[in-house]
There are 2 protein chains.
Amino acid sequence: MEHGGAAAVVTLRGEAELVRRAGDLIASARTEYLCGATDLVTWSAGTNAVFNDGRRPRLRPGPDGLAMRKVYTRQALGDPESERRLARIAASGAQVRISSAPLAREAIVIDGRVAILAGSEARGARTYTVISEPVVVEGVRSLLYAAWEAADDLADCLGAPAARPPVLGEESRAVLAALAAGLTDEAAARRLGMSLRTYRRRVAALMAELGATSRFQAGVLSRRAG
Amino acid sequence: MEHGGAAAVVTLRGEAELVRRAGDLIASARTEYLCGATDLVTWSAGTNAVFNDGRRPRLRPGPDGLAMRKVYTRQALGDPESERRLARIAASGAQVRISSAPLAREAIVIDGRVAILAGSEARGARTYTVISEPVVVEGVRSLLYAAWEAADDLADCLGAPAARPPVLGEESRAVLAALAAGLTDEAAARRLGMSLRTYRRRVAALMAELGATSRFQAGVLSRRAG
DNA sequence: GCCGGGGTGGCACGTTGCTGCCAGCCCGCG
DNA sequence: CGCGGGCTGGCAGCAACGTGCCACCCCGGC
């Protein structure tokens, strides 16, 4: 049972063609605009061009409005400039979240009807694949939505001192594991073969690195970082 | 630029056809078999039939072996029977993780070359869409891999008393928020308008519900549950 | 050798978190 | 009305956590 609707899978080259061929599609979002990317680079040129063309949809958080959901990775929080842009996006009514898992390929799903996947660069122009085959769109949407669900709200990530997780050493990981196992300090220190005093020093250093003021918060933040 | 390779997107009806038409494909996995589903129901009949046909690949955890990665949701931990089956899968060399986000549609990606997405049931037979278009496969793989990355190892979820998160009340959420904000008990109790004693009672109840023995662990578990 | 720096462990003390006990309060029930 | 049950808050005592201080190493430089 081959699928062949000529328009089921279409590959476009470059943002210009994306805007020309799929601009109407993108601007026609009515219920949900779900978008995932590692940072702000990929879609910015293409889709901003579409929306700035005087057809930016009104974002209403209400039940019948368009839900604009964007997931990025921590790389989108890299520099203050990107952070500001993200904050601006969020202020404009979009829901922005930060995923701690990598999103290697950018993806958009519009109203559960159309998916757009970015390919790699080829001859200077990025390719975009527009999919309208329902099963594929639904599959992509469910996966992208899972990433959305698993991600943190931008607001919870902005002030975090550990926006860039500091790549902990081997010992820190062991301490973290002991903490996460629910051991008391005494038991943990014995297991790790260090004195109670030193163990507590390690914990204090970890908490400082995470920016936590209580152990509960440290647990939450440690999981956010992985 | 239409895509047409006749085999780029093929939809199959029912597990029998899946095995007949895509069995070789599934059994030919060499480097990575990445699979996501809400529970053990969907793929079991189809892919088990393929593998039990004497072509189960050898799972080697080494660098050149086949990495069999499976992500399920907490629903796969529903009953002890499913738990045992999951443990058996893990024991056979597959890496099994539990995602706290919903995976509405089942998906497989094989060696980064082929994706198979499950559709909804139609006339008693579930449909399976086999995709070999590289951009689409890569997009699906990156999303599925993100779900894999964000998920917890099965071992960390098996003993958890809160495998089924108990749908906390409004007040419990407020307590959790106060804890996650890093407040001291005193400050949190003031903010929530209750006495220190009562606040600590709430915290103790929460920790019991989560099965945590330390606040750090409670923080970790609370985030695992959402 | 001596010296200084960095990491460690012991000790003491203060803070925070945990819980058993009891008194009070509100409610529904007989 | 009395009575019991459930929830609350205060108190006390204990366990756990956090940290400043100091003595003790181990090392590398002078």
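A note on names: the letters A, B, ... follow the listed sequences, proteins ahead of strands, and every chain is numbered from 1.
Distance OH (A:Tyr199) to P (C:dG10): 17 Å, rounded to an integer number of Å. Protein atom CG of B:Leu196 is 12 Å distant from nucleotide atom C1' of C:dT19, rounded to whole Å. Computed from coordinates, the A:Leu192 CG to C:dT8 P distance equals 13 Å when rounded to whole Å.
When the nearest nucleotides of DNA chain D are assigned to B:Arg200 and A:Arg197 by heavy-atom distance, the more 5′-ward of the two goes with B:Arg200. Judged by closest nucleotide on DNA chain D, B:Gly193 is the one of B:Gly193 and B:Ser214 placed further toward the 5' end. Nearest-nucleotide positions on DNA chain C place B:Arg215 closer to the 5' end than the other of B:Arg215 and B:Arg201.
Checked against C:dC21, C:dT19, C:dG17, the side chain of B:Ala204 finds its nearest nucleotide in C:dT19.
Listed by chain and number, the residues in a side-chain hydrogen bond (donor to acceptor under 3.5 Å, both in side chains) with A:Asp152 are A:Arg224, B:Arg223 (sequence neighbours excluded). Applying the side-chain hydrogen bond (donor to acceptor under 3.5 Å, both in side chains) test to A:Thr198 and every residue at least two apart in sequence or in another chain returns A:Ser195. The side-chain hydrogen bond (donor to acceptor under 3.5 Å, both in side chains) check on B:Arg141 picks up B:Glu32, with sequence neighbours excluded. Residues passing the side-chain contact (heavy atoms from CB on, under 4.5 Å) test with A:Thr73, sequence neighbours excluded: A:Thr38, A:Gln75, A:Leu103.
In summary, B:Asp111 and B:Arg30 do not engage in a salt bridge, as defined by a charged side-chain N under 4.0 Å from a carboxylate O.
Contacts between chain B and DNA chain D, taken as any atom within less than 4.0 angstrom of a protein heavy atom, begin and end at D:dT8 to D:dC11.
Under the salt bridge (Lys or Arg N to Asp or Glu O under 4.0 Å) criterion, no residue pair touches residues 87-99 of chain A, with sequence neighbours excluded.
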